Chemist: 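Handing you a structure now.
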Amino acid sequence: MICNLSFLLLLLLLPTLLLAASPFPHGGKGKADLQVARMSSKPGEDSGGLLSSSKRYEGSSDLVHLRYHMGPVLSSPINLYLIWYGPWPAALQAPLRDFLLSLSDPAPPPPSAAQWWSTVALYSDQTGANVSRRVAVAAEAHLPGLPRGASLSRLDVQLVIADALAAGSLPVDHGRGAYLVLTAPGVTVQDFCRAACGFHYFTFPSLVGHTLPYAWVGHSGVQCPDLCAYPFAVPTYMTGVGAMRPPNGDVGVDGMVSVLAHELAELATNPLINAWYAGEDPTAPTEIADLCEGVYGSGGGGGYTGQVSKDELGRSFNLNGRNGRRFLVQWVWSPVVKACRGPNALD
């Protein structure tokens with residue numbers, strides 16, 4: 001249990017503690033950039049130029065100091081509990097659900113979503129137990145009526161989880177459960193489209209009654225596709241850069257898939273914010289997906305997505321999934337090769 005003083009401190013720090021997938025490629029340097037700049041810049045050197053010209057995403061570990069901080073990872077088989085908040089058409093739910101179900105499905109051909117998750121599963125805790133390769137969608141709750149309103153604060157996201165637990169729509173699953181709040185098109189969330197496209201943290205016992213790892217991701221198709229659904233939409237200032245065609249036909253949903261992958265990878269390897277991250281400040285850690293934000297294939301970095309595939313209709317993808325689905329998902333940092341890695345790598 002969190003003592004009252006600790007809880008008050010967490011409330012004060014909450015805006016910075018919630019670990020977020022930031023809008024890409026906007027906002028100058030993200031937290032990964034700042035971490036690399038601190039480690040690589042010399043006095044008087046322009047770190048911005050260094051970052052834009054380096055291969056920091058695929059290059060040497062000399063620039064990245066990802067460390068283990070002795071906390072747990074999700075080493076037991078992972079049960080995902082989905083909360084569909086707002087009016088979600090079934091056709092938009094399906095690609096997201098299929099992506100999550102693909103993470104443990106060995107059937108799709110390479111490069112597959114399960115192979116992508118195998119990089120996440122390389123991370124272990126102090127007992128030597130690795131992040132589980134078994135990921136299941138255990139239960140789903142549907143809240144189309146917006147019981148907490150159409151505009152949520154970050155703490156409201158926890159209350160949405162509390163409501164689902166209190167109603168019996170979802171069980172309390174200590175040890176194996178991870179709770180995903182997915183907000184429908186038109187639902188606004190604090191800092192959405194400004195500082196975050198998604199975030200993960202753990203619930204406060206004073207709000208939810210339990211400490212449970214969770215993540216939130218929003219559909220950006222209506223509100224800010226150029227911020228949170230890149231590269232399926234690009235900002236107008238990026239002249240000469242064309243948007244990629246989404247593999248499942250919806251800019252907002254296909255953008256969500258990559259943000260969801262980002263948050264789930266970090267939730268699994270840093271569920272209580274005391275496991276795997278770079279940097280000395282746990283209130284602003286750089287996690288395994290932050291290090292590779294915007295990189296989807298070999299050669300990626302500096303605003304270039306890297307080499308990805310296209311189907312017969314010109315839709316871009318780098319992973320295969322169940323039901324013939326294809327996805328475009330960012331890479332994550334590998335603790336083995338000490339670089340960003342995905343199953344579509346050319347080497």
Side-chain angles (χ1 to χ4, degrees), residues 19 21-22 24-25 29-42 45 47-69 73 103 110-125 128 130-131 133 200 230-231 257-270 275-280 284-309 316-320 327-347:
L19 308 183
S22 59
F24 187 88
K29 297 181 182 69
K31 56 185 176 180
D33 299 307
L34 292 172
Q35 176 65 21
V36 175
R38 285 196 297 269
M39 293 175 178
S40 59
S41 297
K42 299 175 182 178
E45 188 173 31
S47 62
L50 173 67
L51 289 169
S52 62
S53 61
S54 71
K55 288 191 66 180
R56 68 180 180 87
Y57 296 107
E58 294 189 89
S60 168
S61 62
D62 293 343
L63 298 183
V64 176
H65 299 279
L66 188 71
R67 295 195 302 114
Y68 175 58
H69 297 264
V73 300
L103 295 176
S112 69
Q115 290 175 319
W116 178 87
W117 186 255
S118 69
T119 300
V120 180
L122 293 173
Y123 289 86
S124 62
D125 63 17
N130 289 74
V131 170
R133 290 176 180 250
H200 78 93
Y230 180 88
V257 167
S258 192
V259 177
L260 184 58
H262 178 122
E263 297 303 335
L264 191 56
E266 294 182 341
L267 184 151
T269 55
N270 196 25
W276 287 95
Y277 61 86
E280 300 304 321
T286 298
E287 300 176 278
I288 71 166
D290 297 323
L291 290 164
C292 306
E293 197 162 31
V295 178
Y296 299 83
S298 293
Y304 172 54
T305 59
Q307 297 187 49
V308 301
S309 300
S316 298
F317 70 97
N318 63 357
L319 299 179
N320 293 300
F327 308 103
L328 186 66
V329 171
Q330 71 151 92
W331 286 6
V332 293
W333 188 263
S334 166
V336 175
V337 300
K338 293 181 170 53
C340 295
R341 198 69 176 172
N344 60 313
L346 297 180
D347 53 3

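It should be emphasised that the depicted structure is a prediction, and the values quoted were computed from it without experimental measurement. Worth knowing before you read on, the calculation uses all heavy atoms, side chains too, and leaves out hydrogens, waters and symmetry mates.
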Chemist: Look up atom CD in Gln115 and atom CG in Asn320, then write down how far apart they are to the nearest 0.5 Å.
Modeler: 9.0 Å
Chemist: Would you compute the distance between atom CG of Asn270 and atom CD1 of Ile288 and round it to the nearest 0.5 angstrom?
Modeler: 9.0 Å
Chemist: Distance check, rounded to the nearest 0.5 Å: Thr269 atom OG1 versus Asn130 atom CG?
Modeler: 12.0 Å
Chemist: Please report the closest heavy-atom contact between Val73 and Ala275, naming both atoms and the distance.
Modeler: CG1-CB, 4.3 Å
Chemist: Kindly give the heavy-atom pair with the smallest separation between Ser112 and Pro343, and that separation in Å.
Modeler: O-CG, 3.7 Å
Chemist: Heavy-atom distance under 4.5 Å between the side chains of His65 and Glu280, does that happen here?
Modeler: no
Chemist: With distance as the sole test, does Gln307 use its side chain to make a donor-acceptor pair with the main-chain N or O of Gly299 at under 3.5 Å?
Modeler: no
Chemist: Do Tyr296 and Asn344 pass the side-chain contact (heavy atoms from CB on, under 4.5 Å) test, and can you show the C-alpha distance, the side-chain angles, and the key distance before you say yes or no?
Modeler: CA-CA 8 Å; Tyr296 299 83; Asn344 60 313; 5.7 Å; no
Chemist: So how far is it from Glu293 CD to Ser258 OG, rounded to the nearest 0.5 Å?
Modeler: 8.5 Å
Chemist: Closest approach of Pro335 and Leu122, non-hydrogen atoms and distance?
Modeler: CG-CB, 3.8 Å
Chemist: Which heavy-atom pair separates Ser298 from Ala345 by the least distance, and what is that distance?
Modeler: OG-CA, 3.5 Å
Chemist: Run the side-chain contact (heavy atoms from CB on, under 4.5 Å) test on Val308 and Leu328 for me, step by step, so that the C-alpha distance in whole Å, both residues' side-chain angles and the decisive distance to 0.1 Å come before the verdict.
Modeler: CA-CA 8 Å; Val308 301; Leu328 186 66; 3.8 Å; yes
Chemist: Does the pair Phe327 and Phe317 meet the rule for a side-chain contact (heavy atoms from CB on, under 4.5 Å), with working shown?
Modeler: CA-CA 5 Å; Phe327 308 103; Phe317 70 97; over 6 Å; no
Chemist: Is it the case that Trp116 and Asn318 place a side-chain donor and acceptor less than 3.5 Å from each other?
Modeler: no
Chemist: Please identify each residue that fulfils ring-ring contact (aromatic ring centres under 6.0 Å, His included) with Tyr277, with sequence neighbours left out.
Modeler: His69
Chemist: What is the distance from atom CG of Leu291 to atom CD of Glu266, rounded to the nearest 0.5 Å?
Modeler: 8.5 Å
Chemist: Does any non-hydrogen side-chain atom of Glu263 lie less than 4.5 Å from one of Leu267?
Modeler: no
Chemist: Please lay out, stage by stage, how Trp333 and Tyr123 fare under the test side-chain contact (heavy atoms from CB on, under 4.5 Å).
Modeler: CA-CA 10 Å; Trp333 188 263; Tyr123 289 86; 3.6 Å; yes
Chemist: Taking all non-hydrogen atoms of both residues into account, name the closest pair between Asp290 and Pro285 and its distance.
Modeler: OD2-O, 3.9 Å
Chemist: With no hydrogens and no angle check, do the side chains of Glu287 and His200 hold a donor and an acceptor under 3.5 Å apart?
Modeler: yes
Chemist: Are the side chains of Val120 and Leu103 in contact, using a 4.5 Å heavy-atom criterion?
Modeler: no
Chemist: Using the test ring-ring contact (aromatic ring centres under 6.0 Å, His included), find all partners of Trp117 that sit at least two apart in sequence or belong to another chain.
Modeler: none
Chemist: Identify the two heavy atoms, one from Ala289 and one from Gln330, that lie closest to each other, and give their separation to 0.1 Å.
Modeler: O-NE2, 2.9 Å
